[in-house]
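In what follows, every chain begins at residue 1, and chains take the letters A, B, ... in the order their sequences are listed.
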Number of protein chains: 2
Amino acid sequence: MVRKPATLKDVAALANVSRATAARALNSYGYVGDETAQKVQAAAEKLGYRGNRLAQALRSGQLPIVGCILGDIQNPFFARIAHDIEVLARECGHNLVIGSSKEELDQEISLLASLRSLSIRGFIVAPTSADNNAHLKDLIAENVPLVLIDRVAQGVDCDSVVVDNEGGARKAVEYLIAMGHHRIGLLQDDMRIFTSRERMSGYRAALAAGGIAPDDRMVSVSQSTVEHAVDATIRLFSQKSPPTALFTVDSLMTQGALLAFRSMGISIPHDVSLIGFDDFNLATFTDPQITVVSQPVSEIGRAAARLLFDRLSGKSDPPQKIRFETKLIVRGSVSRHSAG
Amino acid sequence: MVRKPATLKDVAALANVSRATAARALNSYGYVGDETAQKVQAAAEKLGYRGNRLAQALRSGQLPIVGCILGDIQNPFFARIAHDIEVLARECGHNLVIGSSKEELDQEISLLASLRSLSIRGFIVAPTSADNNAHLKDLIAENVPLVLIDRVAQGVDCDSVVVDNEGGARKAVEYLIAMGHHRIGLLQDDMRIFTSRERMSGYRAALAAGGIAPDDRMVSVSQSTVEHAVDATIRLFSQKSPPTALFTVDSLMTQGALLAFRSMGISIPHDVSLIGFDDFNLATFTDPQITVVSQPVSEIGRAAARLLFDRLSGKSDPPQKIRFETKLIVRGSVSRHSAG
DNA sequence: AAACAGTGTGAGATCGATCTCACATATATT
DNA sequence: AATATATGTGAGATCGATCTCACACTGTTT
């Protein structure tokens, strides 16, 4: 037996009033008699009435949902962000639709299109590509609230929350150089991605400042999964003269590098030094503990959500660009390299 | 300048036909003249018409969205599941709304209510409570497709996907007993949770089979986060006669236990043996590698999504209950205990 | 010529909630 | 008593897409 959810009409009928009056009673606006209001409340209660948000949304033009397009929820960094956004969204009476772009521009575009046709109120996006962003510009042109997170996109003028990727990478590599390393490997993501570019550029800047010529053989590109990172690390360290230190651009890659080193019998920090971008749960469990560049993960999602909901509630200040600092946390995965 | 999206009415006006005809042309049903159809297509093209899904949904009563309520996306187990569901949902032309219950029944109920008012087509839920599930029964009574995942709920007769929790836990504890352990600790989740119950019951069964009396002092309850698990482990191992082995019920707890042991100077497997339920990335990186009960994570989300979309496409077989096997993966975190 | 099938189109109802407007009453003010 | 003001309520329009129905027209069959 399929009983349909009760509609306002049902409530009105039961309370013996018009739909208009029922609506007034339930949403408390306009004039309603006390008695009438109570009758309506009781009727609504009895029928288990819950408004149909679709109908409400059709009138108001907007669904109480915000969309969030991230690279990959399986990355703990994004999982944390998604979680924080969801909590804040709920506080603001909104639900959250999550989509993974899998770092593919096509996915990002089609996902965005599909969410837009739902009349979703606003978006938080970690854009896959730093340049290719007509779809994001469209959003802005049509005045749909958008907050970029973790990454910004050229020519897209809107609120954003990122961290100091370049500074973080530079600090890490400078530290490696100060510890005597010259052949410093970089395990990085696709260069389309904003963070990858910035971290690469911090890496380059530190090398330059240390008088070290960049060497393409020291750089390996990998998708951001543990498995791909394992392979990329193995490639990097199978060369005749492999790096003596490695900087990885996210925690999944760091974990991949750890597993690769283990399988190759390379020991940290004896054979190779390691610094990862983004801290992770077990970074302090491994032996040695892993030195990392940490970012304030718990702030990022909340900050982005706050920006978005400010916009949704009508704020129209110029776009706000938040940039959090990163911090080098020195543990035990880097050792001094006696010059060679 | 905020240009509103074009409506069917606009298209019809531009093409000089009625809304009905425009709809027929665009959705290709009923009779439409060739010429007329082309005029309409052209008009739609020109205006960049994309149908308003809200309006469509209001008529059809359903939005192409499925909802998914999990314990916590930050748990890699759920993150993986969410990811797999999202991929399959997209293939089926649906979007995915994700909510975290944070293992609180209230959250689960309010989240469900909020999603239901959106006229979402179906749900995949990991119920927080094994008993308290009137809200789930409501779904079934109202014929809303529901798939339970990771956990089932009493009296809720619907599709479900779980693993053999009891068997997995029993195998783990039997193995510990076979290795000479008697004081076997259990680090578990709240007993409201189905998996917790089942794993507990496997633990008990193994103890009983091994002739070991259950001892409440060997059991510690913790929320499923690394931080809480650290505390719970410390409590458990601060007793006068602590366990010689520990079984943890999920990977976050396993990680918490590892961190706790490190901070207490307890070494694995020398001082204590450890088996965790649910494998994790770094389980093979730690020294020793961690012995775990693994579950086929990559199957679970996909199986659940498939069941759900089968229902959505009208299948009305009796509910299907899928139960995957678990596997004890012996690594190096368990050592033989010389009887004491 | 009459009846019928096939083709093409538009008017209007519908989904459910909300809002405007008009119309009642009741009380207060001149 | 006449007018103004406050208070309650309902009829009907609206949001955008879709669907039913009625109506028209062509061509075929008796």
Residues from [range] lying under 4.0 Å of DNA chain D - heavy atoms:
{"range": "residues 42-65 of chain A", "value": "A:L58, A:R59"}
{"range": "residues 113-123 of chain B", "value": "none"}
{"range": "residues 12-20 of chain A", "value": "A:V17, A:S18, A:R19, A:A20"}

Checklist entry - So, A:N52 side chain and A:A55 main chain: donor-acceptor pair closer than 3.5 Å or not? => result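 Here the side-chain-to-backbone pair exists.
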Item to check | Donor-acceptor contact below 3.5 Å, side chain B:S196 vs main chain B:D189 | outcome: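 Present.
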Item to check | Sequence neighbours excluded, every pair satisfying salt bridge (Lys or Arg N to Asp or Glu O under 4.0 Å) that has a member inside residues 303-322 of chain A | outcome: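 Applying salt bridge (Lys or Arg N to Asp or Glu O under 4.0 Å) to every pair that reaches into residues 303-322 of chain A, excluding sequence neighbours, yields A:D157-A:K321, A:D159-A:R311, A:D310-A:K315, A:K315-A:D317.
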Item to check | Listed once per pair and sorted, the salt bridge (Lys or Arg N to Asp or Glu O under 4.0 Å) pairs that draw on residues 48-66 of chain B, sequence neighbours left out | outcome: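 Listed once each, the pairs are A:E142-B:R50.
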Please list every donor-acceptor pair under 3.5 Å in which a side-chain atom of residues 36-47 of chain A meets a protein atom from a residue at least two apart or in another chain.
unit_1: A:K39; atom_1: NZ; unit_2: A:A15; atom_2: O; d: 3.4

Next on the checklist: Any non-hydrogen side-chain atom of A:V87 less than 4.5 Å from a side-chain atom of B:K102?
Outcome noted: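 Side chain of A:V87 against side chain of B:K102, heavy atoms only: contact under 4.5 Å found.
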Checklist entry - Please walk me through it: do A:I149 and A:I300 pass side chain to side chain contact (heavy atoms under 4.5 Å, CB included)? => result CA-CA 8 Å; A:I149 194 165; A:I300 300 178; 3.7 Å; yes
Checklist entry - Tell me, which pairs form a ring-ring contact (aromatic ring centres under 6.0 Å, His included) where one or both residues lie in residues 43-79 of chain B, sequence neighbours left out? => result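 As it turns out, there is no ring-ring contact (aromatic ring centres under 6.0 Å, His included) pair with a partner in residues 43-79 of chain B once direct neighbours are skipped.
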Check whether the side chains of [X] and [Y] place a donor and an acceptor atom closer than 3.5 Å, and report yes or no.
{"X": "B:Q62", "Y": "B:S119", "answer": "no"}
{"X": "B:S114", "Y": "A:N95", "answer": "yes"}
{"X": "B:S101", "Y": "B:Q107", "answer": "no"}

Checklist entry - Is it true that B:E103 and B:R151 have a side-chain N and a carboxylate O under 4.0 angstrom from each other? => result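 Salt bridge between B:E103 and B:R151, a charged N being under 4.0 Å from a carboxylate O: yes.
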Heavy-atom closest contact ([X] atom, [Y] atom, distance):
{"X": "A:P127", "Y": "A:V125", "value": "CD-O, 3.2 Å"}
{"X": "A:L118", "Y": "B:L54", "value": "O-CG, 3.8 Å"}
{"X": "A:L146", "Y": "A:L308", "value": "N-CD1, 4.5 Å"}

Item to check | Neighbours of DNA chain C within residues 22-36 of chain A, by heavy-atom distance under 4.0 Å | outcome: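 A:N27, A:Y29 - these, ordered by number, are the residues of the stretch whose heavy atoms sit under 4.0 Å from the strand.
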Item to check | Any residue meeting ring pair (Phe, Tyr, Trp, His ring centres under 6.0 Å) with B:F309, in chain and number order, not counting sequence neighbours | outcome: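 By the ring pair (Phe, Tyr, Trp, His ring centres under 6.0 Å) rule, B:F309 matches B:H94.
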Checklist entry - What residues, two or more places apart in sequence or in another chain, satisfy salt bridge (Lys or Arg N to Asp or Glu O under 4.0 Å) together with A:R24? => result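 Checked A:R24 against salt bridge (Lys or Arg N to Asp or Glu O under 4.0 Å); zero matches.
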Item to check | Relative orientation of the end axes in the helix from C:dA1-D:dT30 to C:dT30-D:dA1, expressed as an angle to the nearest 10° (five pairs per end) | outcome: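 Here the helix ends are tilted 70° relative to one another.
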Item to check | chain A footprint on DNA chain C, 5' to 3' - any atom under 4.0 Å from a heavy atom | outcome: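 For DNA chain C, the relevant span reads C:dG16 to C:dC19.
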